[in-house]
Amino acid sequence: MNVMNARIEPTVEHGGTCRTFFMVPKEAMRGDTEGSYLEYVSEFEIAAGSHLEPHRHNTHEFYYVLKGSALMQIGAEKREVEPGDLVHIPPNAVHSIAPIGDQPVRALAFAASFLPPGGAGTEAEKAELPV
């Protein structure tokens, strides 16, 4: 599971006026995302005691945790994530996320998609996670 965080050394840019914390460096995913498009940018929230239904889709999806902590599962791999973590979910990987404790988890999500026009629909393909 690839989880990145902005707790890294910054790159000084724009004549020294901006300190940029690259969680994914410029051009680092060009080859993997060539021929894709930005499908969406959103925030989502999962209530305590609930979980995101396991699913898959043909996108590079990213969750940036804003609030709360959660157990992220991609395939058979599980990891706790917290505010400031950026999770990369590879195309067609079965995934789910569930809050830890009695607070919801809120995250920014965005995806680079390979789906055909209209292919995203409103629901992802349901799938089973390994135990």
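Each residue takes its place number in the sequence, starting with 1.
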Take Phe21 and Glu9 through the side chain to side chain contact (heavy atoms under 4.5 Å, CB included) test and state the conclusion after the steps. CA-CA 7 Å; Phe21 301 84; Glu9 287 297 314; over 6 Å; no

Apply side chain to side chain contact (heavy atoms under 4.5 Å, CB included) to the pair His55 and Lys126, showing each step before the final yes or no. CA-CA 4 Å; His55 65 283; Lys126 294 179 184 179; 5.6 Å; no

Nearest heavy-atom pair of Ala48 and Gly101: which atoms, and what distance? CB-O, 3.8 Å

What are the two closest non-hydrogen atoms of Pro90 and Ile74, and how far apart are they? CD-CG2, 4.3 Å

Member of Met1, Met72, Gln73 meeting the side chain to side chain contact (heavy atoms under 4.5 Å, CB included) criterion with Lys78: Gln73

Which of parallel (below 30°), tilted (30 to 60°) and perpendicular (above 60°) describes His57 and His95? perpendicular

Pair Tyr64-Glu43, side-chain hydrogen bond (donor to acceptor under 3.5 Å, both in side chains): steps then yes or no: CA-CA 9 Å; Tyr64 184 74; Glu43 281 190 28; over 6 Å; no

Donor-acceptor under 3.5 Å (Ser50 side chain, Ile46 main chain): no

Between Ile89 and His60, is there a side-chain heavy-atom distance shorter than 4.5 Å? no

Would you indicate whether Glu128, at its atom CD, is surrounded by more than 12 heavy atoms from other residues, nucleotides or ligands within a distance under 6.0 Å? no

Are Arg7 and Glu82 close enough for a salt bridge, meaning some N to O gap below 4.0 Å? yes

Donor-acceptor contact below 3.5 Å, side chain Ser36 vs main chain Phe114: no

Given side chains that start at C-beta, do those of Pro10 and Thr20 come closer than 4.5 Å, heavy atoms only? no

Within the structure provided, determine whether Glu61 and Tyr40 are in side-chain contact (heavy-atom separation under 4.5 Å). yes

Over all heavy atoms of both residues, which pair between Val105 and Ser69 is shortest? Give the atoms and the distance, please. CB-O, 4.2 Å

For the residue pair Phe44 and Tyr63, categorise the inter-ring angle as parallel (less than 30°), tilted (30 to 60°) or perpendicular (more than 60°). perpendicular

Side chain to side chain, Val87 and Phe62, heavy atoms closer than 4.5 Å: no

Least distance between heavy atoms, Pro91 atom then Asn58 atom: CB-OD1, 3.5 Å

